[in-house]
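Residue numbers begin at 1 in each chain, while the letters A, B, ... track the order of the sequences. This is a predicted model, so every value here is computed, not measured.
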Amino acid sequence: MLLIHCPHCGTRPELEFAYGGEAHVARPLDPAAVSDDDWATYLYLRKNTKGVHAERWRHARGCGRFFNALRDTTTDRILVTYKAGERAPNGGTP
Amino acid sequence: MPRQRFSGLSLLWNSLGQHRGWREQWRRAEPKAEYDAVIIGGGGHGLGTAYYLAAEHGLTRIAVLEKGWVGGGNTGRNTTIIRSNYLFDESARLYDHAVKMWADLSQVLNYNVMYSPRGVMMLAHTVHDVQSAKRHIHANRCNGVDNEWLTPEEAQAYCPPLNIDPGLRYPVLGAALQRRGGTARHDAVAWGYARAADALGVDIVENCEVTGISRDASGAVEALETSRGLIRTRKVGVVAAGNTSVVLGMAGVRVPLESFPLQALVSEPVKPIFPCVVMSNGIHAYISQSDKGELVIGAGTDIYTSYTQRGALHVNMHTLEAICELFPNFRRLRMLRNWGGIVDVTPDRSPIIGKTPVPGLYVNCGWGTGGFKATPGSAHVFAWTLAHDEPHPINAAFTLERFRDGHLIDEAAAAAVAH
């Protein structure tokens with residue numbers, strides 16, 4: 001089980017968290033204007049990184065807030081967590 | 001040296017020599033400089049693809065590249081359940097193609113894959129489960145796939161260890177039974193295909209990791225860079241399961257996959273007690289008994305993407321709680337070992353089998369949590385796709401483009417458990 005540092009509450013066990021997938025995926029501002037390819041990319045294509053991955057977590061059984069983490073998917077080690085809306089720290093792959 | 005055939009007579013003959021007369025089942029091939037087709041990934045699907053390319057499409061210069069050892073990925077890590085009770089027409093055709101091939105696979109390969117159609121029973125615990133199961137049963141029957149509804153009493157008669165006490169937190173309200181479903185010996189599937197492909201001249205190269213895909217001026221595949229040197233080829237089939245995103249990324253192709261750990265575990269071996277396969281989507285558990293006597297138990301995926309081939313213990317605990325509730329007899333069993341594999345999950349939980357935007361590059365991926373059951377059918381239609389440069393009618397709907405075009409095959413039944 002992972003120990004995850006919520007930037008608002010501190011370090012808690014994984015059981016308190018929900019996973020939110022790849023971070024920094026922005027919804028196109030005008031969906032009607034984007035091509036089918038770009039819309040499919042937004043909906044379905046994720047980096048699925050083997051290595052350092054920027055991803056969303058939600059402290060679902062705690063403060064309820066979303067935040068982001070950089071995690072190495074080859075070791076599952078979480079390198080750093082940061083608040084939603086902040087840019088990924090250096091070394092991230094947003 | 002000709003392949004040794006297995007038969008009752010050859011077994012008897014070799015037993016007289018105390019079984020010292022058996023030779024290795026396939027050659028330890030060195031990679032050659034050039035092939036007509038190369039398959040990346042030496043699991044059941046990849047080895048099967050090479051076998052059908054050689055056996056049915058006349059290709060002779062074929063290699064299977066495996067970065068580890070044959071059958072060491074998800075083929076050797078799954079819970080070996082076979083069924084075809086999928087909802088949609090496209091899925092029913094694809095998975096039932098495989099189930100029909102399982103029936104005589106041991107004879108075709110001259111290798112006992114221990115296919116055992118002992119029946120797969122999927123439990124319903126809520127009114128919604130019941131409605132969903134009955135909808136699947138009717139859809140299956142329309143597609144010629146056997147599936148039938150059992151009352152709780154009938155379910156218990158089919159599987160005596162099942163607890164149908166109405167006082168359970170999630171009582172058994174009934175079950176859908178596919179009698180042709182069952183299990184097979186996972187390692188034997190990989191070994192059987194490897195042996196049969198090798199006999200047709202296919203080179204099976206282990207410890208050979210692909211590190212790059214070279215393309216010519218037109219963009220088509222021309223060679224693979226590997227940890228054992230450059231291999232020229234114009235046709236590449238990627239069957240790399242959880243690592244598909246990484247391999248296709250070498251050619252600049254993105255696929256809608258996410259790789260998750262999926263765990264399984266086995267108990268200590270016990271005498272035959274469990275006659276079939278039981279699955280519960282609702283409370284996340286599936287179970288069968290191997291021929292060695294171990295209860296083989298599977299869970300849902302872990303919640304986050306990963307390439308570690310391991311997961312968290314609480315996921316297994318969640319599954320074991322469900323098993324203990326449904327089968328109180330097993331509460332005192334000790335678990336022997338657990339492990340994880342990395343499964344490549346698509347947004348609609350259906351596989352992608354077909355061409356990619358890169359000429360000469362084909363992909364068979366996205367089997368998620370349920371690829372083993374499809375091994376022969378998947379390999380068969382993928383070999384066709386490579387040989388003809390167009391999909392077989394059975395896999396024509398399972399394109400990469402369906403995500404752009406909105407023709408998803410949104411197969412909830414693909415997930416043995418919710419995920």
ask   = In Å and rounded to the nearest 0.5 Å, what is the OG1 to CZ distance from T305(B) to R46(A)?
value = 11.5 Å
key: Verdict with reasoning, Y307(B) to N48(A), per side chain to side chain donor-acceptor pair (under 3.5 Å)   = CA-CA 10 Å; Y307(B) 288 85; N48(A) 199 23; 3.3 Å; yes
ask   = How are the rings of F260(B) and Y19(A) set relative to one another: parallel (under 30°), tilted (30 to 60°) or perpendicular (over 60°)?
value = perpendicular
task = Give a yes or no on whether Y170(B) atom OH has more than 12 heavy-atom contacts from other residues, nucleotides or ligands under 6.0 Å away.
result = no
message = As an exercise, state the distance from CG of L45(A) to CD of E258(B), rounded to the nearest 0.5 Å.
response = 10.5 Å
request  = Find out whether D36(A) and F403(B) are in side-chain contact, i.e. whether some heavy atom of one side chain is under 4.5 Å from a heavy atom of the other.
outcome  = no
Interatomic distance, D37(A) atom CG to D405(B) atom CG [nearest 0.5 angstrom] = 8.5 Å
key: Neighbourhood of chain A inside residues 241-253 of chain B, taking heavy atoms under 4.5 Å as contact   = N243(B), S245(B), V246(B)
query = Among D344(B), V315(B), T308(B), which residue forms the greatest number of heavy-atom pairs with chain A at distances under 4.5 Å?
reply = T308(B)
query = If you measure from OH on Y44(A) to CG on L400(B), what distance do you get to the nearest 0.5 Å?
reply = 13.0 Å
request  = Return the option, out of R310(B), H314(B), E401(B), Q309(B), with the maximum number of heavy-atom pairs under 4.5 Å with chain A.
outcome  = H314(B)
query = Which atom names give the shortest non-hydrogen contact between R404(B) and A40(A), and what distance separates them?
reply = CA-CB, 3.7 Å
task = Would you mind checking which part of L2(A) comes under 4.5 Å of any heavy atom in chain B, side chain (CB onward), backbone (N, CA, C, O), both or neither?
result = side chain
ask   = At what distance, to the nearest 0.5 angstrom, does CD of E55(A) lie from OH of Y304(B)?
value = 9.5 Å
inquiry  = For the CE atom of M1(A) and the CG atom of D302(B), what is their distance to the nearest 0.5 Å?
reply    = 10.0 Å
key: Portion of S35(A) that has a non-hydrogen atom of chain B nearer than 4.5 angstrom   = neither
message = Non-hydrogen contacts under 4.5 angstrom with chain B: give the residues of residues 5-16 of chain A involved, or none if there are none.
response = E14(A), L15(A)
